Structures are given as structure tokens and as C-alpha cells.
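Order of listing sets the numbers, starting from 1, for every ligand and every atom in it. Keep in mind that this is a model prediction, so the values were computed, not measured.
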Amino acid sequence: MNWTPAEVERLFALPFVDLMYAAQQVHREHHDAHAVQLSTLLSIKTGACPEDCAYCPQSVRYDTGVGREALLPLDEVRARAAAAKAAGATRFCMGAAYRSPKQKDVGKIVAMVREVRALGLETCATLGMLTPAQAAQLKEAGLDYYNHNIDTSEAFYGEIITTRTFQDRLDTLEAVRAAGIHVCCGGIVGMGESVSDRAAMLATLANLPAPPESVPINQLVPMPGTPLADAPPLDPFDFVRTIAVARIVLPKATLRLSAGREQMSDELQALCFLAGAGSIFYGEKLLTTGNPDVDHDRGLLARLGLMPSAGAGKLPRDAAA
Ligand code: SAM
Ligand code: DTB
Ligand code: SF4
């Protein structure tokens, strides 16, 4: 369904209880409301990124204390993926601080994807901009998902990133889609954007030729040294509203409660699950910042009667086969 930004903005303006009720109805129609998918992140190449994303501690332009680390060796990636699987994750997401990957690194990442998939985990990578040929190479290796966020509205984008355009992001998403890889694409809330920007971002995602299967909604983690270090804190209910509106305009997508969970109370996270979140990043670290510990997360899910979903490498397309 096509959504205009104005229609999406009207959803944001609904009374909180009405928005939550509408989101719950959509969620239960398309998803198991008791299931939460667990993805574990690993930064396979950290820091010294040439881009200038104003939120990011890995940009070489900001003095954030994040050091430069070369691409991890294959053995270490395999061991970390095995540990993530043993802890209960069903997807392993490898993140690299690249504007776009060098061809020689794609060869090494292809080997990582094969190894991680051989463990019976779903695979995801986020490596910056890709060419159609690189996307095809990753697909061939068995990459299930590619994460590439639009981050915000097209109108606000230039306030946050100047080193690549909104259209560059859409081009990579198109290459990923054309290669037959599932698309993971979302954004960040709390960077000083307006409600109209949040609405426009979600309208862009909903109106893609094929909407993303997976949508991470990040709350800004203000990192010292970045231009957004002193961004004013977000009203937590506005974060929940963003999830609820995403639920309504992207009914089939799995919405992931992403960065910022360590700063959220259990009660706020419960509201996010009610609003339609069906996935979390699971494991003590995101890329460079912290995440709740796994015992706390397992306890939280149990207290809410939620179940980690049994992914075990099964994707919608596999199940249909
Ligand atoms: N370099 C690649 C790229 O930009 O596509 C992949 C890694 S990048 C760190 C992945 C995503 O992490 C960004 O698009 C952004 O949405 C999110 N992110 C990074 N820093 C963040 C922060 N401080 N708070 C919230 N989200 C953040
Ligand atoms: C996404 O949307 N959020 C994740 C993942 N995709 C790669 C990354 C969050 C990063 C938070 C800041 C950090 O840990 O460096
Ligand atoms: Fe680089 Fe990605 Fe961070 Fe932007 S978000 S500075 S592209 S690592």
C-alpha cells in the first residue's frame, strides 16, 4: 500500500492509546505476538570510517575514542558466531565501518558468510554501499539479509550526512533487492528530527518497490565527540509511537528494537513489544556500544511471556520450499 507522508504523520498524531490499539491489531494479524527474534551483532571492521554520519562514533572525523581495528580473522568470526548461536541467537549480523567495501575484503567477507551459515545461523551483513556485482557475490555465498539504513527523511538527511546522498542509499538497497537478498533497512529516532521527518522516513520505507523484510528502529545513543553528543533526549513515548506507526505502515516487516535499549527501562521495552517490535539485538555489545546482558534479556522476555523465535536458519523462502 502507498502511504503519503501526510497520512503517516496523521498516525503519529493519534491519541497514544488509539495508535497502540491499531498497531496491536496489525501486529497480531501478521505476526506471532509472543515471538521475539534474536540477532547478534559483531563489528568485523571497526573505526576510521571516511563518512561523516553525525551520530556515529566510528567516523574518522570525530574524536570519540573508538580505535581503528582491521578486518577480523575468519577464525575469530566463526568463534563469535558459534558463541552467539549457543546463547540462543538465530541471526548473526556482521558490521563493518566502510563507506563501501574494497573488493579484496569482499572475498574475505564471503568466506565469513559461508562459515556462519554453515553453523546454521541466518546471516546478515552491513558494509556500506555495494555495487550490483558485490551484492550478487554475497548472495552467492548465502547472505540472507543486508542491512543498509536510510536513517532519516530525505529532507533531514543532509543535516546528518554530507558524504553520500539519500539516493546513494536507495541505489544500494536496489542492488541488494535485485540480487535476491532480504533487505534490512530502518533508521534512527532522536537526532533532532521532526515528527514529519519520522513520518517521511517511514513512508519512504513503506513505498519502496518491495518494502524491507526487516526494519531496525534505533534510538540515538549520543556518543561523546560526535556532533550529536548533546542531542536533547527523546520523549520515550515518541520512540514507542515510531514503532507503532512503523507497525501499521509496514505490516509484514519484522521490526527490530535496536540501538538505545541499554538506556531504556524494562517497562519502555514492554511498550515497544506491544507496539509491534518483534526482534532485538541480543548480546552484550552492539558494534562499539553496550547492549543489555543476555541474562537480563532472557529474564525480560520470560517476565513478559515472550518466546525467542526458533529461527535456526529457516527463512520465509526456505519454509515455503
Ligand atoms: N557503515 C555501514 C553503514 O553505514 O551502512 C554499516 C554500519 S553503521 C554503524 C549501521 C547503522 O548503525 C547506521 O546506519 C545507524 O543507523 C546505526 N548507528 C550508528 N551509530 C549509532 C548511534 N550512535 N545511535 C544509534 N544508531 C546508530
Ligand atoms: C542497525 O540499524 N543498528 C545496528 C545495526 N543496524 C548494524 C548498529 C547500532 C550501532 C550503535 C552504535 C555502536 O554500537 O557503535
Ligand atoms: Fe561509517 Fe557507517 Fe558510521 Fe556512517 S554509520 S560513519 S558509514 S560506520
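Asn207 places a side-chain N or O within donor-acceptor distance of the main-chain N or O of Trp3, the cut-off being under 3.5 Å. The backbone N or O of Phe281 lies less than 3.5 Å from no partner atom in the side chain of Ser39, so there is not a single donor-acceptor pair.
Residue Cys53: an N/O/S atom is found under 2.8 Å from atom 4 (Fe) of ligand 3.
At least one N/O-N/O distance between Leu287 and ligand 2 falls below 3.5 Å. The shortest N or O to N or O distance between Asn149 and ligand 2 is under 3.5 Å. The distance criterion of under 3.5 Å between nitrogen or oxygen atoms is met by Val221 with respect to ligand 1. Polar contact check, Asn149 against ligand 1: a nitrogen or oxygen pair lies under 3.5 Å apart.
Closer than 4.0 Å to atom 12 (O) of ligand 1 lies none of the heavy atoms of the protein. Distances from atom 8 (S) of ligand 1 to the protein include no heavy-atom value under 4.0 Å.
Between the side chains of Thr172 and Glu174, no donor-acceptor pair is found at a separation under 3.5 Å. There is no side-chain donor-acceptor pair under 3.5 Å between Glu51 and Gln58. For the residue pair Asp105/Tyr98, the side-chain donor-acceptor check at 3.5 Å is satisfied. Checked by atom type, the side-chain pair Thr152/Asp197 shows no donor-acceptor distance below 3.5 Å.
Close approach to Pro216 involves these atoms of ligand 2, each under 4.0 Å from a residue heavy atom: 2 (O). Contact atoms of ligand 2 toward Thr126: 7 (C) (distance under 4.0 Å to a heavy atom of the residue). Counting the atoms of ligand 3 from 1 in the order shown, those under 4.0 Å from a heavy atom of Ala97 are 8 (S). Each of the atoms 1 (N) of ligand 1 lies under 4.0 Å from some heavy atom of Tyr98. The Thr288 neighbourhood of ligand 2 comprises atoms 13 (C), 14 (O), 15 (O), with distances under 4.0 Å to a heavy atom of that residue. Remark: ligand 2 atoms within the under-4.0 Å shell around heavy atoms of Phe281 are 3 (N), 4 (C), 5 (C). Of all the atoms in ligand 1, the ones that sit under 4.0 Å from a non-hydrogen atom of Leu220 are 24 (N), 25 (C). Atoms of ligand 2 found under 4.0 Å from any heavy atom of Asn147, numbered from 1 in the order shown, are 5 (C), 6 (N), 7 (C). Of all atoms in ligand 1, numbered sequentially from 1 with element shown, those under 4.0 Å from a heavy atom of Ala259 are 25 (C), 26 (N).
Residue Leu287 touches ligand 1 through its side chain alone, judged by heavy-atom distances below 4.0 Å. The part of Arg164 lying near ligand 1 is the side chain, judged by heavy-atom distances below 4.0 Å.
To the nearest 0.5 Å, the span separating CD1 on Ile248 from CG on Leu19 amounts to 5.0 Å.
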### Task
Tell me, with the steps shown, if Thr90 and Gln37 meet side chain to side chain donor-acceptor pair (under 3.5 Å).
CA-CA 7 Å; Thr90 61; Gln37 188 273 331; 3.1 Å; yes
- Task: Carefully, step by step, assess Arg261 and Asp297 under the rule salt bridge (Lys or Arg N to Asp or Glu O under 4.0 Å).
- Result: CA-CA 10 Å; Arg261 243 170 17 87; Asp297 277 344; 2.7 Å; yes
| said: With salt bridge (Lys or Arg N to Asp or Glu O under 4.0 Å) as the criterion, how do Arg198 and Glu193 come out once you've worked through the C-alpha distance, each side chain's angles and the decisive distance to 0.1 Å? | reply: CA-CA 7 Å; Arg198 290 174 203 150; Glu193 74 287 342; 2.8 Å; yes
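Taking the ring axis of Phe92 as reference, the NZ or CZ atom of Arg80 does not stay both within 45° of it and closer than 6.0 Å to the ring centre. Cation-pi geometry between Arg91 and Tyr145 is satisfied (NZ or CZ under 6.0 Å from the ring centre, within 45° of the ring normal).
Regarding atom 7 (S) of ligand 3, its nearest protein heavy-atom neighbour is Arg164 NH2, 3.2 Å. In this structure, atom 1 (Fe) of ligand 3 lies nearest to the protein heavy atom Cys49 SG, 2.2 Å. Of the protein's heavy atoms, Cys56 SG, 2.3 Å lies nearest to atom 3 (Fe) of ligand 3. Looking only at protein heavy atoms, the nearest one to atom 6 (C) of ligand 1 is Thr126 OG1, 3.0 Å. Looking from atom 27 (C) of ligand 1 to the surrounding protein, the closest heavy atom is Ile188 CD1, 3.8 Å. Closest to atom 3 (N) of ligand 2 among all protein heavy atoms lies Asn218 OD1, 2.9 Å. Of all protein heavy atoms, the one lying nearest to atom 10 (C) of ligand 1 is Asn147 OD1, 4.2 Å. With hydrogens left out, the protein atom closest to atom 16 (O) of ligand 1 is Asp151 OD1, 2.7 Å, a heavy atom. What sits closest to atom 12 (C) of ligand 2 on the protein, heavy atoms only, is Thr289 OG1, 3.6 Å. Of the protein's heavy atoms, Tyr55 CD1, 3.7 Å lies nearest to atom 21 (C) of ligand 1.
At a threshold of 4.0 Å, the pair Asp266-Arg303 counts as salt-bridged, since one of the basic side-chain nitrogens sits closer than that to a carboxylate oxygen. Glu213 and Arg177 are joined by a salt bridge, as a carboxylate oxygen and a charged side-chain nitrogen come within less than 4.0 angstrom of each other. Using a cut-off of 4.0 Å between Lys/Arg side-chain N and Asp/Glu carboxylate O, Asp235 and Arg241 are scored as not salt-bridged. A salt bridge is defined here as a Lys NZ or Arg NE, NH1 or NH2 lying under 4.0 Å from an Asp or Glu carboxylate O, and Arg298 with Asp295 fails to meet this definition.
The nearest non-hydrogen atom to atom 3 (C) of ligand 1, considering only Met191, Arg169, Arg99, Gln58, comes from Arg169.
In this pair, His31 and His27 present their aromatic rings parallel. The plane angle is below 30°, not in the 30 to 60° band.
Closest approach of Leu74 and Glu115 over heavy atoms only: CD1-CG, 3.6 Å.
For Gln219, the closest heavy-atom approach to ligand 1 falls below 4.0 Å. Proximity of Met94 to ligand 1 is not established, as no heavy-atom distance is less than 4.0 Å. Remark: distances from the non-hydrogen atoms of Ala96 to ligand 1 include one below 4.0 Å. Within the structure, the closest approach of Gly128 to ligand 1 falls below 4.0 Å when heavy atoms are considered.
A single hydrophobic cluster is seen to contain both Val249 and Ile150, as judged by linkage of ILVMFWY side chains at heavy-atom distances under 4.5 Å, directly or through other members.
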